[in-house]
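In this text the structure is predicted, and so the values were computed from the model without any measurement.
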Amino acid sequence: MATTSDIRNGAVISHKGKRWKVVEFQHVKPGKGGAFIRTKLKELQSGKIVDETFNGGARIELIKVEAKSMQYLYLDDISIYFMDNQTYDQVQVNLDLIGSGKYFLISGMEVDILFDGNEVLDIRLPAHVILEVTETEPGFKGNTATGATKPATLETGININVPLFVNKGDSLRIDTRTGNYIERAKQS
């Protein structure tokens, strides 16, 4: 059995009869009293995030998970479909597991899927994706100093705020963790 010193970001633990993913943790050593670990945990089934504190050296149960790189195929109203690149087996995952991350999936994209046996625990998207602007107001050349933004719709249907100089047809680099515009992608 592991202890709190084994806690890492992204680790999956069993706590209070449920599986939790460690979103972030902080080792705290106050001047008076024993050390403790302050964590932010995400329940894998419901997606609920809670703050939890463990005493230093307390026993915890780490769950061994397997990460597989899989190719995104398509989605429908209730499920997302991925293909294992080695065996060509298809895996169907409930759409609730990825939530708003579905707007960053592009056909053929490689993602890491975490498994506990045959059960899918989590889908890890790449940190950034490049998406094309399908609808926005015309851009204004040279208008970059004010930091003003305008709404834009991207190829996956997500609406984000972009700088005024962005035009329809531009490819943009988007942060999948926040959904924010990063930069205009280089045209090849």
Side-chain angles (χ1 to χ4, degrees), residues 1-106 109-129 156-158 160 173-180 182:
M1 196 156 232
T3 65
T4 54
S5 63
D6 298 315
I7 290 179
R8 301 284 178 262
N9 286 341
V12 178
I13 65 171
S14 178
H15 181 61
K16 297 181 181 176
K18 297 182 180 176
R19 288 181 298 218
W20 302 82
K21 178 181 172 184
V22 178
V23 178
E24 61 184 58
F25 74 100
Q26 181 181 17
H27 207 86
V28 180
K29 187 165 177 165
K32 189 174 185 181
F36 59 92
I37 288 77
R38 188 176 293 135
T39 62
K40 188 172 283 196
L41 303 174
K42 177 181 179 184
E43 209 246 301
L44 292 175
Q45 195 127 24
S46 68
K48 180 173 73 171
I49 295 179
V50 298
D51 292 324
E52 192 73 38
T53 303
F54 298 95
N55 290 329
R59 298 220 177 269
I60 58 168
E61 183 183 345
L62 284 174
I63 298 175
K64 183 163 175 56
V65 294
E66 178 186 359
K68 280 188 179 178
S69 180
M70 301 189 103
Q71 183 179 10
Y72 165 67
L73 298 175
Y74 63 95
L75 63 92
D76 58 25
D77 293 338
I78 55 171
S79 299
I80 310 169
Y81 298 88
F82 297 94
M83 180 180 69
D84 187 327
N85 291 327
Q86 276 73 43
T87 64
Y88 302 109
D89 291 336
Q90 287 190 17
V91 175
Q92 178 181 352
V93 179
N94 191 327
L95 198 55
D96 295 338
L97 188 62
I98 196 166
S100 63
K102 70 181 180 181
Y103 292 112
F104 304 114
L105 292 171
I106 304 167
M109 168 188 269
E110 296 286 322
V111 297
D112 289 333
I113 299 182
L114 297 182
F115 289 91
D116 180 12
N118 288 333
E119 185 181 355
V120 176
L121 298 178
D122 197 16
I123 300 170
R124 291 187 179 159
L125 297 171
H128 308 111
V129 293
T156 58
I158 190 170
I160 66 167
R173 185 177 310 278
I174 308 297
D175 187 330
T176 60
R177 297 163 295 206
T178 62
N180 293 334
I182 298 174

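Expressed to the nearest 0.5 Å, how far CD1 of I37 lies from CZ of F25 amounts to 8.5 Å. Taking CD1 of I113 as the reference point, atom CG of D122 lies at 9.5 Å (rounded to 0.5 Å). Within the model, atoms CG of N180 and NE2 of H128 stand 10.5 Å from one another, a figure rounded to the nearest 0.5 Å. The CG atom of D6 lies 11.0 Å from the CD1 atom of I13; values are rounded to the nearest 0.5 Å. Remark: K29 NZ to F36 CZ distance equals 12.0 Å, nearest 0.5 Å. Distance check, rounded to the nearest 0.5 Å: CD1 of I63 to CG of L114 gives 11.5 Å.
Taking all atoms of both residues into account, the shortest heavy-atom contact from A2 to L62 is CB-CD1, 3.8 Å. The shortest non-hydrogen separation linking P30 to A35 is CD-CA, 4.2 Å. When all heavy atoms are compared, the tightest approach of P126 to E110 is CD-O, 4.2 Å. Shortest non-hydrogen contact noted between G179 and F104 is CA-CZ, 3.7 Å. Minimum heavy-atom separation, L125 to G101: CD1-O, 3.7 Å.
Residue R19 is tested with E61, E43, E119 for a side-chain hydrogen bond (donor to acceptor under 3.5 Å, both in side chains); the sole match is E119. Results of the side chain to side chain contact (heavy atoms under 4.5 Å, CB included) test with Y103 over I174, V129, I158, I98 single out I158 as the only residue that passes.
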side-chain contact (heavy atoms from CB on, under 4.5 Å) between V120 and F82, worked out:
CA-CA 11 Å; V120 176; F82 297 94; over 6 Å; no
Stepwise, does the side-chain contact (heavy atoms from CB on, under 4.5 Å) test hold for I49 with K40?
CA-CA 7 Å; I49 295 179; K40 188 172 283 196; 3.4 Å; yes
For I80 and L97: C-alpha separation, side-chain torsions, deciding distance, then whether side-chain contact (heavy atoms from CB on, under 4.5 Å) applies.
CA-CA 9 Å; I80 310 169; L97 188 62; over 6 Å; no
Given the rule in the side-chain contact (heavy atoms from CB on, under 4.5 Å) test, do V91 and K68 qualify, once you have shown the distances and angles that lead to the verdict?
CA-CA 11 Å; V91 175; K68 280 188 179 178; over 6 Å; no
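By the side chain to side chain donor-acceptor pair (under 3.5 Å) test, T156 pairs with no residue at all, sequence neighbours left out.
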Exercise answer: donor-acceptor pairs, residues 70-77 side-chain atoms, under 3.5 Å, sequence neighbours excluded:
from: Y72; atom 1: OH; to: L75; atom 2: N; distance (Å): 3.4
from: D76; atom 1: OD1; to: I78; atom 2: N; distance (Å): 3.0
from: D76; atom 1: OD1; to: S79; atom 2: N; distance (Å): 2.7
from: D76; atom 1: OD2; to: Y81; atom 2: OH; distance (Å): 3.1

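H15 is not listed as a side-chain neighbour of I60, based on a closest heavy-atom distance of 4.5 Å or more. Between E24 and Q26, the closest side-chain pair of non-hydrogen atoms is not below 4.5 Å.
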